[in-house]
Chemist: 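This is the structure, below, for whatever I ask next.
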Amino acid sequence: MGNELREHRLRNLRRLQELGYEPYGEAFSRTGNLGLVCARPEGDEVRIAGRMVSRREMGGSIFAHLQDASGRLQIYLKRDQVGTDAFSAFRILDLGDIIGVEGQLFVTRTGEKTVKVSSWRLLSKSLLPLPEKWHGLQDVEIRYRRRYLDIISNPGVADVFTARSRILRRVRQVLDSEGYQEVETPILQPMAGGAAARPFRTHCEALGRALYLRIAPELYLKRLLVAGFDRVYELSRNFRNEGISRQHNPEFTMLELYEAYADVNRMKVMAQMIVVECARELHGEAKVRLHGGGVLDLSPPWPEIPFRELVWQVAGDDWFTLSVEEARRRAESLGLTVPAEWGRSEITQEIFEKLVERRLMRPTFVTSLPADLVPLAKCSANDPETADVFELVIGGMEIAPAYSELNDPLEQRRRFEQQCGGDASRVDEDFLNALEYGMPPAGGMGIGIDRLTMILTGADSIREVILFPLLRSGSDR
RNA sequence: GAGCCGGUAGCUCAGUCGGUAGAGCACGGGCCUUUUAAGCCUGGGGUCGUGGGUUCGAUUCCCACCCGGCUCACCA
């Protein structure tokens, strides 16, 4: 079927080989990438390389564009200039072939900087046709499965991933400047703690036992607080065996940071610093221009609103004082589905997630969550019903939860046991043991890097900021 | 996991109220020595997601499945 095009390219490969062109060449020293070379003055002799993405033949002359990560540059071949053999061989090339070129920079009649080719070499023969030059690659499935094609043919996609890379670098710079040390803790864990998601399970042959891919690094990082590390962070992959959506990929990148002798208020400062610095890194200011034409202003200070008040505003009552029955009745009258086993906190949280969160566009610290929703956080000194935490919401998405970390081992045990519903095997005894040696009071935070990247690049799906998002195994078409 | 929508040439898309399909780009042949979505002439290219069913006949109608998107559920 489509093999016809491939067969033809294979024939071209052999023809070029017969003419002495090695189809998969070796290193080629360049004057610079195409962007840099394009900035050089007319008359310069240059060596460039790239993928040929367009070609216009006109008898004795050929125009073509080479493309690399920095952009495109036009080249120009004249039969009288390169010689009949090199000229004819060039005509055997296919779009997508990667070539190296030597020549002189000039400017065409229409004002485009161009390399007048004196010689060229084949560096890599392409056997498959590229997507269409004008519309690019539209098929979302192929865009994700074959991201390389997406990046070759859709301008702007590479920029998103460059932005992501700059965010990661800037995050590390900020943390470094604040005296944080980067650490690496286990991804393969005997029990998956630190959050309440369903883990991926795997098996260790050497130990003959089940292991889990981590759902959060939290409990290990806190062990390091016990160890005496003052300020630590980990920036790496978490895995949650849950549903996939525009905001969820089963593997995602999380920054978690912990600072001894600090609390949730210090984390507010860190959150603002990190988000604003990343925005400045990408946009030069603490603002993001949205596709719709609006502007998302990230300038601090960000408002702090207690969870209780937000729910009150939207759902019209002080839900912290309602009975469970009353809360359920009201939630259902607001159109929500409420499982029978839910308590007041869960119902109230449902109100928050369904009716409040997605409306919070500007960065907002939602504070004082019900304590039973955050078993790893310390309760407020002045209200044991609520925890000393915030949930940072930007663009209607949870970006970062932060706590004054619970360091009371007895209280932590109570919370775990309450949470695990009698299943003692789900309590991380080793972690509790560590706490019993004494963990300094600390502030901690997790920042979802994928979602932060979405906010800062204007992406409306997490798949747009993950190079190879998880998909079902493909019908490879 | 559920609901809705979708899958037609390498790519971007049209189309068939049931009679096995078209365009543009890409590809082949021809012309053209400063073009740029080059142009002009011409040719080839399809298991219409997969498998069943209904029918004289299915790409079209029905069912199941696969894959994707969206929404929901799940994700303290």
Side-chain angles (χ1 to χ4, degrees), chain A residues 1-9 11-12 53-65 72 74-82 87 94-96 106-112 114 116 126-146 149 152-154 193-199 215-216 238-250 252 336-337 339 342-343 345-346 348-350 352-354 369-377 387 389 391 398 401 403 415-416 418-420 448 460-461 463 469 471-477:
Chain A
M1 25 190 238
N3 280 345
E4 181 201 324
L5 296 169
R6 183 166 179 272
E7 291 300 332
H8 179 248
R9 282 167 178 250
R11 271 199 302 282
N12 286 345
V53 292
S54 71
R55 179 171 51 187
R56 295 165 293 284
E57 285 193 44
M58 295 146 54
S61 69
I62 301 174
F63 286 91
H65 275 102
R72 291 185 175 191
Q74 183 168 255
I75 62 173
Y76 172 58
L77 273 86
K78 210 169 164 180
R79 181 185 284 136
D80 301 344
Q81 187 107 12
V82 293
F87 189 84
D94 293 299
L95 290 189
F106 76 108
V107 175
T108 63
R109 258 196 328 223
T110 49
E112 179 165 350
T114 301
K116 185 176 286 180
S126 165
L127 299 180
L128 293 170
L130 292 174
E132 206 236 5
K133 63 181 175 186
W134 191 242
H135 298 94
L137 181 62
Q138 298 299 319
D139 186 314
V140 194
E141 185 175 351
I142 302 180
R143 286 189 51 228
Y144 297 154
R145 285 194 198 283
R146 307 193 201 164
L149 289 181
I152 289 170
S153 52
N154 291 332
R198 184 191 311 140
I215 55 179
N238 289 350
F239 307 84
R240 297 189 181 176
N241 206 342
E242 306 283 356
I244 299 174
S245 78
R246 280 206 293 180
Q247 277 108 35
H248 301 265
N249 194 62
F252 61 101
L336 301 178
T337 320
W342 277 8
S345 295
E346 282 88 359
T348 308
Q349 190 190 32
E350 181 74 1
F352 175 77
E353 287 182 356
K354 289 293 144 54
L369 272 65
D372 47 346
L373 296 178
V374 277
L376 295 163
V389 304
E391 181 76 63
E398 295 172 31
Y403 307 160
R415 303 266 207 111
F416 274 167
Q418 197 172 9
Q419 181 195 20
C420 76
D460 56 9
S461 167
R463 295 180 204 97
L471 300 178
R472 282 190 170 79
S473 48
S475 57
D476 202 22
R477 358 193 209 142

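So you know, we letter chains A, B, ... as the sequences are listed, proteins then strands, and number each from 1.
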Chemist: Between B/rA21 and B/rG15, how many Å separate the two C1' atoms, rounded to a whole number?
Modeler: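 It comes out at 8 Å once rounded to the nearest Å.
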
Chemist: What integer distance in Å separates A/Glu353:CD from B/rC75:C1'?
Modeler: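 A/Glu353 atom CD is separated from B/rC75 atom C1' by 9 Å.
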
Chemist: Are any of the side-chain heavy atoms of A/Tyr76 and A/Thr108 separated by less than 4.5 Å?
Modeler: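 The answer is no; the side chains never approach within 4.5 Å.
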
Chemist: If I take atom CD in residue A/Glu350 and atom P in nucleotide B/rA76, what distance separates them, rounded to the nearest angstrom?
Modeler: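 Whole-Å distance recorded here is 13 Å.
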
Chemist: Sub-3.5 Å donor-acceptor pair from the side chain of A/Arg463 to the main-chain atoms of A/Asn249, do we have one?
Modeler: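 No, A/Arg463 side chain to A/Asn249 backbone: no donor-acceptor pair under 3.5 Å.
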
Chemist: If you measure from the P atom in B/rG43 to the same atom in B/rU59, how many Å do you get, rounded?
Modeler: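 Approximately 28 Å lies between the P atom of B/rG43 and that of B/rU59.
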
Chemist: Set out, in order, the CA-CA distance, both residues' side-chain angles and the distance that settles side-chain contact (heavy atoms from CB on, under 4.5 Å) for A/Leu369 and A/Phe352, then state yes or no.
Modeler: CA-CA 10 Å; A/Leu369 272 65; A/Phe352 175 77; over 6 Å; no

Chemist: Name the nucleic acid region contacted by A/Phe106, choosing base, sugar-phosphate or nothing; use a 4.0 angstrom heavy-atom cut-off, strictly under.
Modeler: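 Base, at least one base heavy atom under 4.0 Å.
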
Chemist: Looking at the side chain of A/Ala195, which of B/rC67, B/rA76, B/rU34 is the nearest nucleotide?
Modeler: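 Taking heavy atoms from C-beta onward, the closest nucleotide is B/rA76.
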
Chemist: What's the gap between B/rA26 and B/rG6 when it is taken at their C1' atoms, as a whole Å value?
Modeler: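 Comparing C1' positions in B/rA26 and B/rG6 gives a spacing of 25 Å.
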
Chemist: Using the P atom in both, what is the distance from B/rC13 to B/rG7, to the nearest Å?
Modeler: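 B/rC13 and B/rG7 have their P atoms separated by 11 Å.
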
Chemist: Without swapping roles, check the side chain of A/Asn241 against the backbone of A/Arg198 for a donor-acceptor pair under 3.5 Å.
Modeler: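 Answer holds: no.
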
Chemist: In sequence, state the C-alpha distance, the side-chain angles, and the governing distance for A/Asp94 and A/Ser126, and then conclude on side-chain contact (heavy atoms from CB on, under 4.5 Å).
Modeler: CA-CA 7 Å; A/Asp94 293 299; A/Ser126 165; 5.8 Å; no

Chemist: Determine the Euclidean distance between corresponding P atoms of B/rG52 and B/rU12; express it in Å to zero decimal places.
Modeler: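 After rounding to an integer number of Å, I get 29 Å for this pair.
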
Chemist: Just how far, in rounded Å, is C1' of B/rU34 from CD of A/Gln81?
Modeler: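 For the pair A/Gln81 CD and B/rU34 C1', the rounded distance is 13 Å.
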
Chemist: Please report the distance separating the P of B/rG44 from the corresponding atom of B/rG29, rounded so that it comes out in whole Å.
Modeler: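 B/rG44 and B/rG29 have their P atoms separated by 15 Å.
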
Chemist: Heavy-atom nearest nucleotide on RNA chain B for A/Val140 versus A/Ile244: which residue maps closer to 5'?
Modeler: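 Looking at the nearest nucleotide for each, A/Val140 comes out on the 5' side.
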
Chemist: Would you mind classifying the nucleic acid contact of A/Arg463 as base, sugar-phosphate or nothing, using non-hydrogen atoms under 4.0 angstrom?
Modeler: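 Sugar-phosphate, no base atom in range.
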
Chemist: Who pairs with A/Tyr144 by ring pair (Phe, Tyr, Trp, His ring centres under 6.0 Å), at least two apart in sequence or on another chain?
Modeler: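 A/Tyr144 satisfies ring pair (Phe, Tyr, Trp, His ring centres under 6.0 Å) with no other residue.
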
Chemist: If I take atom CD in residue A/Gln138 and atom P in nucleotide B/rG7, what distance separates them, rounded to the nearest angstrom?
Modeler: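 Rounded to the whole Å, the gap is 15 Å.
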
Chemist: Looking at every strand, decide which applies to A/Leu373 at a 4.0 Å heavy-atom threshold: base, sugar-phosphate, or nothing.
Modeler: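 Here A/Leu373 touches the bases of the nucleic acid.
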
Chemist: Can you check each nucleotide of nucleotides 23-33 of chain B against protein heavy atoms at under 4.0 Å and return B for base, S for sugar-phosphate only, - for none, in 5' to 3' order?
Modeler: -BBSSS---BB

Chemist: It should be established whether A/Arg240 places a side-chain nitrogen or oxygen under 4.0 Å from OP1 or OP2 of nucleotide B/rC75.
Modeler: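 No.
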
Chemist: Assess whether one donor atom and one acceptor atom, taken from the side chain of A/Glu346 and the base of B/rA76, lie less than 3.5 Å apart.
Modeler: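 Result: no qualifying N/O pair found.
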
Chemist: For B/rA37 and B/rU20, measure between their P atoms and round to the nearest Å.
Modeler: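 Each nucleotide's P atom is 39 Å from the other's.
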
Chemist: Starting from the 5' end of RNA chain B, give me the residue, A/Phe63 or A/Arg246, whose nearest nucleotide shows up first.
Modeler: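 Closest to the 5' end, via its nearest nucleotide, is A/Phe63.
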
Chemist: Please report, rounded to the nearest Å, how far the P atom of B/rC67 is from the CZ atom of A/Arg146.
Modeler: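 Computing the A/Arg146:CZ to B/rC67:P distance gives 16 Å.
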
Chemist: Of the candidate nucleotides B/rC70, B/rC67, B/rU34, which contains the atom at the shortest distance from the side chain of A/Thr108?
Modeler: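 Between B/rC70, B/rC67, B/rU34, the one nearest the side chain of A/Thr108 would be B/rU34.
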
Chemist: Is the shortest side-chain heavy-atom distance between A/Pro129 and A/Leu95 below 4.5 Å?
Modeler: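 A/Pro129 vs A/Leu95: side chains apart.
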
Chemist: Can you tell me the Watson-Crick or wobble partner of B/rU71, both distances under 3.5 angstrom?
Modeler: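 Here B/rU71 is engaged in a pair, and the nucleotide opposite it is B/rA2.
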
Chemist: Would you mind telling me which of B/rG1, B/rU35, B/rU12 lies closest to the side-chain atoms of A/Thr114?
Modeler: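 Among B/rG1, B/rU35, B/rU12, the one nearest the side chain of A/Thr114 is B/rU35.
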
Chemist: Determine whether A/Lys116 and A/Gln81 make a side-chain contact, defined as any pair of heavy atoms from C-beta on separated by less than 4.5 Å.
Modeler: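 Sidechains of A/Gln81 and A/Lys116: in contact.
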
Chemist: A/His248 NE2 to B/rG1 P: how many Å, rounded?
Modeler: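 So the two atoms are 17 Å apart, to the nearest Å.
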
Chemist: Over all strands shown, is A/Gln349 touching base, sugar-phosphate only, or nothing at heavy-atom distances under 4.0 angstrom?
Modeler: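 The residue A/Gln349 makes sugar-phosphate contact but no base contact.
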
Chemist: Within this structure, what is the CD1-to-C1' distance between A/Ile142 and B/rG6, rounded to whole angstrom?
Modeler: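 Interatomic distance, CD1 of A/Ile142 to C1' of B/rG6: 14 Å.
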
Chemist: Establish, with yes or no, whether the OP1 or OP2 oxygen of B/rC74 is under 4.0 angstrom from a side-chain nitrogen or oxygen of A/Arg198.
Modeler: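 Answer no for this pair, as no side-chain N or O of A/Arg198 is under 4.0 Å from OP1 or OP2.
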
Chemist: Roughly how far apart, to the nearest Å, are B/rA64 and B/rA73 at atom C1'?
Modeler: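 One C1' to the other, the span is 24 Å.
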
Chemist: Measure from the side chain of A/Tyr403, starting at C-beta and using heavy atoms only, and say which of B/rA76, B/rU34, B/rC11 lies closest.
Modeler: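 The answer is B/rA76, which lies nearest to the side chain.
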
Chemist: Answer whether the closest heavy-atom distance between the side chains of A/Glu141 and A/Arg472 falls below 4.5 Å.
Modeler: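 Counting from C-beta outward, A/Glu141 and A/Arg472 never come under 4.5 Å.
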
Chemist: Among the candidates B/rU35, B/rG1, B/rA76, find the nucleotide nearest to the side-chain atoms of A/Arg56.
Modeler: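 So the side chain of A/Arg56 is nearest to B/rU35.
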
Chemist: What is the distance, to the nearest angstrom, from the CZ atom on A/Phe352 to the P atom on B/rC75?
Modeler: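 Those two atoms, CZ and P, are 16 Å apart.
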
Chemist: Between B/rG69, B/rC67, B/rU35, which one does the side chain of A/Arg472 approach most closely?
Modeler: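 Closest nucleotide to the A/Arg472 side chain: B/rC67.
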
Chemist: Name all residues meeting the side-chain hydrogen bond (donor to acceptor under 3.5 Å, both in side chains) criterion together with A/Ser245; count only those two or more places apart in sequence or in a different chain, and write none if there are none.
Modeler: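 By the side-chain hydrogen bond (donor to acceptor under 3.5 Å, both in side chains) rule, A/Ser245 matches no residue at all.
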
Chemist: Using Watson-Crick or G-U wobble geometry with both distances under 3.5 Å, which nucleotide pairs with B/rA21?
Modeler: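 When the pairing criteria are applied, nothing turns out to pair with B/rA21, so the answer is none.
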
Chemist: Are A/Arg143 and B/rG68 close enough that a side-chain N or O sits under 4.0 Å from OP1 or OP2?
Modeler: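 False: A/Arg143 side-chain N/O out of range (4.0 Å or more) of B/rG68 OP1/OP2.
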
Chemist: So for A/Gln74 and B/rU35, does any side-chain atom that can act as donor or acceptor lie under 3.5 Å from a complementary atom in the base?
Modeler: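 Between B/rU35 and A/Gln74, which were checked side chain against base, a qualifying N/O pair under 3.5 Å is present.
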
